[in-house]
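The structure appears right after this line, and notes come after that.
Start at 1 with the first residue, then count along the sequence.
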Amino acid sequence: MWERTLQDLVRGLRANKKDEAKFIAKAVDEIRQEIKGDDMELKAAAVLKLTYLDMLGYDMSWAAFHVVEVMSSAKVHLKSVGYLAAAQSFEQDTDVLMLTTNLLKKDLSSTPADIAVTLNGLSHIVTPELGRDLTPELVAMLNHSRPHIRKRAVLALYKVMMKYPDAVRHGRTRLEEKLEDSDQAVVAATVNVLCELAQKNPQDYLSLAPQLFHLMTSSTNNWMLIKIIKLFGSLSPYEPRLVKKLQPPITDLISTTPAISLLYECVHTCIIGGMLQGPQGDSLAKLCVSKLAAFIEDADQNLKYIALLAMAKIVPTHPYLVADYQDTILSSVNDQDISIRMRALDLVSAMVNRSNLQSIVQQLLSHLVKDTSAPGPSAAQSLIQSTTAATSPTKAVISASQAPGYRLILAQRILAMGSFNTYQNVGNFEWYISVLVDLANVANVNVGAEIRDQLVDIVGRVRGARPYAIKVMYSLITDPSLVQNASEEGSCPEILWAAAWICGEYCEELVDPQKLIPYLMDEETSKLSPDILAMYIQATMKIFGYWTSDLGQRWEDGNLTEVKDLVDVIMTRLRQLSGSQDIEVQERAANVLQLFTFISADLNSYQPKSMQPSLLPTPSGFEEQVDSAPEVDFPKSLYLIQPLLDSYELNPVATTAQASVPIPEGLDLDAWIVPPPPVNTSTDDVHTEKNKKKSSKGKEAVTSGKKKKKKTKDIEDSVQESLAPIEVEETPEERALREQRKAERLAQLRDDPYYIIDDQPPPPARAEEDVDSIPIVRLEAMPEIKDSRFPVLRSQAFSSSASFEIERDGEMPQGAVLKSSRSTPDPPSTSKSSTPSQSSAPSRLTSFVPYEVPEEPTDSPAPEPIKVVRSKKKASSKKKRTADS
C-alpha cells in the first residue's frame with residue numbers, strides 16, 4: 001500500500017530538479033523490486049512508470065519480458081498498458097517479439113475490446129515474421145461485424161504490407177471491397193491506405209478509377225476527398241482518358257469549396273495530372289491561378305508558401321497567366337520569411353520572358369538598394385535602444401532584404417535571368433549593360449566574376465552594343481572611386497578587368513584613346529589585384545598601338561611632343577610594375593617595356609620635315625639611296641605594336657569547338673613525346689667496381705708518375721669515347737696529325753697549373769645517344785615571311801543599330817578569318833590596295849622602304865688572331881709561362 005504511483009513519480013521529479021539523477025536511480029531500484037512480484041496490478045504500474053521514464057530518455061529494454069507479461073493480462077486496462085509499453089520500447093530486433101505470436105493470435109480472436117487494443121499495438125511492433133504469421137487473421141478482421149474493428153484492421157494491414165509485401169497479394173481484394181463499406185470511416189481509412197499504396201505502383205490501381213470517381217462525386221467528407229483527388233493525381237499520367245473525365249468535377253470543387261486544404265489539393269492535382277491542357281484546361285488554369293493569387297495576398301504565411309510553390313509549377317505551361325499577377329508575386333520578394341522569399345524568386349525566375357524582363361529586373365534591383373527613405377526611430381524607440389545597449393552587447397540589426405546571403409542569391413538570379421539561353425530574353429543590350437554596371441555598384445556582394453564574364457561575352461557576341469559598351473567602360477576606368485574602393489568587402493573590382501579588356505580589344509570605338517592611357521597607368525591602380533593590373537598593361541599596349549597607327553595617317557610634327565610625353569608616362573609606370581611580386585604582372589610589364597624602349601629611341605631619333613636628311617649634308621655614298629627612297633613624314637615605330645595584336649578578328653568560340661577538332665591520323669596521344677632514357681645497368685656496375693678498387697688502394701698509389709700516367713690515359717680514353725659515335729672518314733695522314741695535336745694539347749694541359757684534371761674519369765658515352773639517329777623534320781606549309789613592319793590597320797567595327805544581333809553559335813575550327821584591312825598612308829603617286837592579304841603575315845606598306853643598315857667596308861684587313869704558346873716544364877721546380885701576340 002506504500003508503493004509509488006505514476007503521479008507520485010511525476011511529483012518527485014518536479015521536486016528534485018537539482019538532483020534528478022539520484023532520484024531516478026532510487027525510483028528505478030524501487031521499480032525493479034515491484035516488477036518482479038506476482039501482483040499484476042503492481043507489475044502494470046511499474047511498467048507504466050518505466051514507460052514514462054523511457055519517454056524521458058532512460059532505457060527500459062531490460063524489462064522487455066515483463067512488458068510481455070503485462071500484455072498477456074486478462075484485464076483490458078492492464079493489457080493496454082502492456083501494449084503501450086511495447087509500442088514505446090520494442091524495436092525490430094527485440095528478442096521477446098518471437099514470444100508474442102501466439103499471444104497476438106489469441107488476442108485477435110478475443111473480445112472486441114481486446115481486438116481493438118491488439119490492433120493498435122500490432123501496428124507499432126509488427127516485424128516481417130509477425131506480418132507473415134498474422135496476415136490471415138488480419139484479412140479475416142476486415143469482415144468483422146463492428147465498424148471500428150474493420151477500420152483498425154484496414155490501418156493495421158497497411159503496416160503489415162509495409163513490412164511484409166506479400167501481404168498485398170493476399171489482402172488486396174478484400175481491401176478493395178471495403179470501398180463499398182456501409183461505414184464512412186471504414187471507406188475513408190481504405191481510401192487512405194490505397195492512396196499510400198498507389199504512390200509506389202499507380203498503374204496497378206487503375207481498375208479502381210470508377211469506384212473512386214463515384215466516391216469523389218458523392219462524398220461530402222473533405223479529408224476523404226483530399227485523399228481521392230491525390231490518388232487521381234497519381235493515376236492520371238497513366239490513363240489519359242481520366243483527364244477529361246475529372247476536369248468538370250474538379251473545376252466545380254475549386255469554384256465552390258470553402259476548404260483551403262481541399263482547394264489546394266485540387267489545384268495541385270490539376271498541375272501534376274496534366275489537366276491544364278486543351279480548351280477546358282486553359283479555363284481551369286486561369287481559375288487555379290486566380291485562386292493561388294488570392295492565397296499569396298493572404299496573411300497566412302503557410303498559404304503564401306504553398307501558393308508560390310504551386311504557381312512555379314504552372315509557369316512552364318501558362319506563363320502569360322502568371323504574368324498577370326507579377327506585382328503580387330514581386331511583393332513577396334521582400335517578405336520577412338526567407339522561405340517565402342526564395343519561392344518567390346524561383347517563381348519570378350521562371351516567369352521571365354522577353355516582354356517583362358526589364359520590369360522584373362528593375363524591381364529586383366530596387367530590393368538591393370538600401371532604403372534611405374525609411375523614417376528614423378521615434379524618441380521612445382531611441383530610449384529603449386539606449387537602455388538595452390547598456391546591458392547587452394551591440395548587434396547590428398540588418399533587415400531581411402539586406403542580409404548578405406540573400407543579396408548574393410538575388411544578384412545571381414538577376415544574372416541568370418539575363419543570360420538565360422544566350423541572352424534569349426534580352427531585347428536591348430545597351431540596357432542590359434547598364435544593368436550589369438548598376439548591379440556591380442549596388443549588390444555589395446562578390447558577384448564581380450559573373451558580371452565580368454557576361455560583359456566580355458556580350459561585347460564579343462553583339463557587335464551593335466560595342467559603341468555603347470565602350471562609353472560605359474571608359475567611364476568606369478576614369479572613375480577614381482572604383483579603384484579606391486576595390487579592396488572593400490562586397491565590392492566588384494573585376495568589372496575593371498572587363499572594362500580594360502573591352503577598351504583594349506575594341507579601342508577603335510574610343511573617341512580619344514590616348515586620354516584613357518594615363519588612367520590605366522596611374523599609380524593608384526596599384527591597389528588593384530594582380531590580374532587586373534596585368535590586363536591594364538595589355539590594354540595600354542593595345543590602345544597605344546591603335547592610336548599611334550591611326551595618328552600616323554594624319555601625322556603632323558606637332559604630334560611628336562604628345563607621343564613622347566605619353567611614352568614617358570607609360571615607361572615610368574612600367575618600370576615600377578616590372579618589379580612587382582606577381583609573376584604575371586612582372587612578365588607583362590617587362591615585355592611591354594622593351595617595346596616602348598624601342599619606340600622611345602625611335603621617337604628621339606626622328607627628325608621633323610624641317611630637319612629631313614635632304615636638307616642636311618649627307619655622307620658620301622648615301623645620296624643615291626636617300627634620293628631614291630620615298631619621303632617618310634612620321635616615325636616608323638608608330639606601327640610597331642599594331643601588327644602584333646590585330647592580325648585576326650577575335651570571335652566568340654562555339655561550345656563544341658574543341659570537340660570538333662579532329663585528331664590527325666597517326667597521332668598517338670598516349671605515346672611518349674620524348675621517351676625516358678634507358679637505365680644502363682652495365683655502366684653502373686663498372687662505376688661500382690671502380691669505386692671499390694679506389695677505396696681498397698690505401699697507401700699503394702703513392703707514386704706521382706704512375707698517377708699522372710693513369711690520368712692521361714683516362715683523359716685520352718674519354719676523349720676517344722666521346723668522339724666514337726661520330727663517323728668521320730679521314731686518311732691515315734690526317735689521323736696521325738690529329739693524334740699528334742691531341743697529345744700536344746694534353747701535355748700542355750698537364751703542365752698548366754690553372755687547369756684541374758679530375759681523378760675520376762667521366763663515364764663513357766652511351767651507345768644509345770647517337771647523333772645521326774636524330775630525325776630531321778622539315779617545316780612545311782609555313783606562311784611566307786614578308787619583309788614588312790607596317791601592316792594594314794583593322795577595319796572599323798559595325799555601327800550599332802536598333803536591332804541587336806547575337807552570335808549564338810560561335811566560331812568553329814574550320815579556319816580563322818582575317819580582318820578586313822584599313823587603308824594605310826600612301827604618297828599621292830601610289831594607289832591604295834583594297835584587297836586584304838591572304839597570308840598570315842601582315843601586309844606591307846608601300847609608302848616607304850624598311851630599315852636598311854649599310855654593310856661595313858671589306859677592304860680593311862682583318863686583325864690576326866692572338867696565339868698563346870706555352871713552354872714545356874723544365875727540370876727545376878719553378879714554372880714559367882710566356883705569351884707572344
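- Taking a 6.0 Å sphere around NE2 of His124, one finds it holds 12 or fewer heavy atoms contributed by other residues, nucleotides or ligands.
- Salt-bridge check for Arg11 with Asp8: passed, with a basic side-chain N closer than 4.0 Å to an acidic carboxylate O.
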* Asked: Please walk me through it: do Met311 and Met351 pass side chain to side chain contact (heavy atoms under 4.5 Å, CB included)?
  -> CA-CA 10 Å; Met311 269 197 175; Met351 61 185 286; over 6 Å; no
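- The existence of a salt bridge linking Asp337 and Lys304 is excluded, since no basic side-chain nitrogen approaches an acidic carboxylate oxygen closer than 4.0 Å.
- A salt bridge links Arg413 and Asp346; the closest N-O separation between the charged side-chain nitrogens and carboxylate oxygens is under 4.0 Å.
- Ion pairing between Glu34 and Arg4 fails under the 4.0 Å rule for side-chain N and carboxylate O.
- No more than 12 heavy-atom neighbours from other residues, nucleotides or ligands sit within 6.0 angstrom of CH2 on Trp223.
- A donor and an acceptor atom, one from each side chain of Asp335 and Ser332, are nowhere located under 3.5 Å apart.
- A donor-acceptor contact closer than 3.5 angstrom links the side chains of Asp59 and Ser61.
- Surrounding NZ of Lys151 are at most 12 heavy atoms belonging to other residues, nucleotides or ligands under 6.0 Å away.
- Here CG of Leu142 is found 12.0 Å from CD of Glu176. Values are rounded to the nearest 0.5 Å.
- In this structure, the side chains of Thr127 and Phe90 stay at 4.5 Å or more apart for every pair of heavy atoms.
- A side chain to side chain contact (heavy atoms under 4.5 Å, CB included) with Leu347 is found for one member of Leu309, Ile314, Val333, Val315 and no other, namely Val315.
- In this structure a side-chain-to-backbone donor-acceptor pair under 3.5 Å is missing from Thr257 to Leu253.
- A side-chain donor-acceptor contact under 3.5 Å links His318 to the backbone of Leu276.
- No donor-acceptor pair under 3.5 Å is formed between the side chain of Lys105 and the backbone N or O of Leu134.
- Annotation: the span from Asp133 atom CG to Thr101 atom OG1 amounts to 5.0 Å, rounded to 0.5 Å.
- Distance check, rounded to the nearest 0.5 Å: OH of Tyr164 to CG of Leu138 gives 12.5 Å.
- Atom CG in Asn143 sits 13.0 Å away from atom CD1 in Ile149 (nearest 0.5 Å).
- Surrounding CG of Asn201 are more than 12 heavy atoms belonging to other residues, nucleotides or ligands, all under 6.0 Å away.
- With Arg150 contributing its side chain and Ser145 its backbone, the two residues share a donor-acceptor pair below 3.5 Å.
- No donor-acceptor distance shorter than 3.5 angstrom exists from the side chain of Ser73 to the backbone of Val70, with no hydrogens or angles considered.
- Summarising the local packing, OH of Tyr58 is surrounded by more than 12 heavy atoms from other residues, nucleotides or ligands at distances under 6.0 Å.
- Rounded to the nearest 0.5 Å, atoms NE2 (His367) and CG (Asn334) are 5.0 Å apart.
- Not a single donor-acceptor pair under 3.5 Å links the side chain of Glu265 to the backbone N or O of Lys227.
- Heavy atoms of other residues, nucleotides or ligands lying less than 6.0 angstrom from CD of Gln199 number more than 12.
- Between Ile24 atom CD1 and Leu13 atom CG the span is 5.0 Å, to the nearest 0.5 Å.
- Minimum interatomic distance between Phe232 and Phe213 (heavy atoms only, all atoms of both residues): CZ-N, 3.4 Å.
- The two residues Ala259 and Asn222 have their closest heavy-atom pair at CB-ND2, 3.8 Å.
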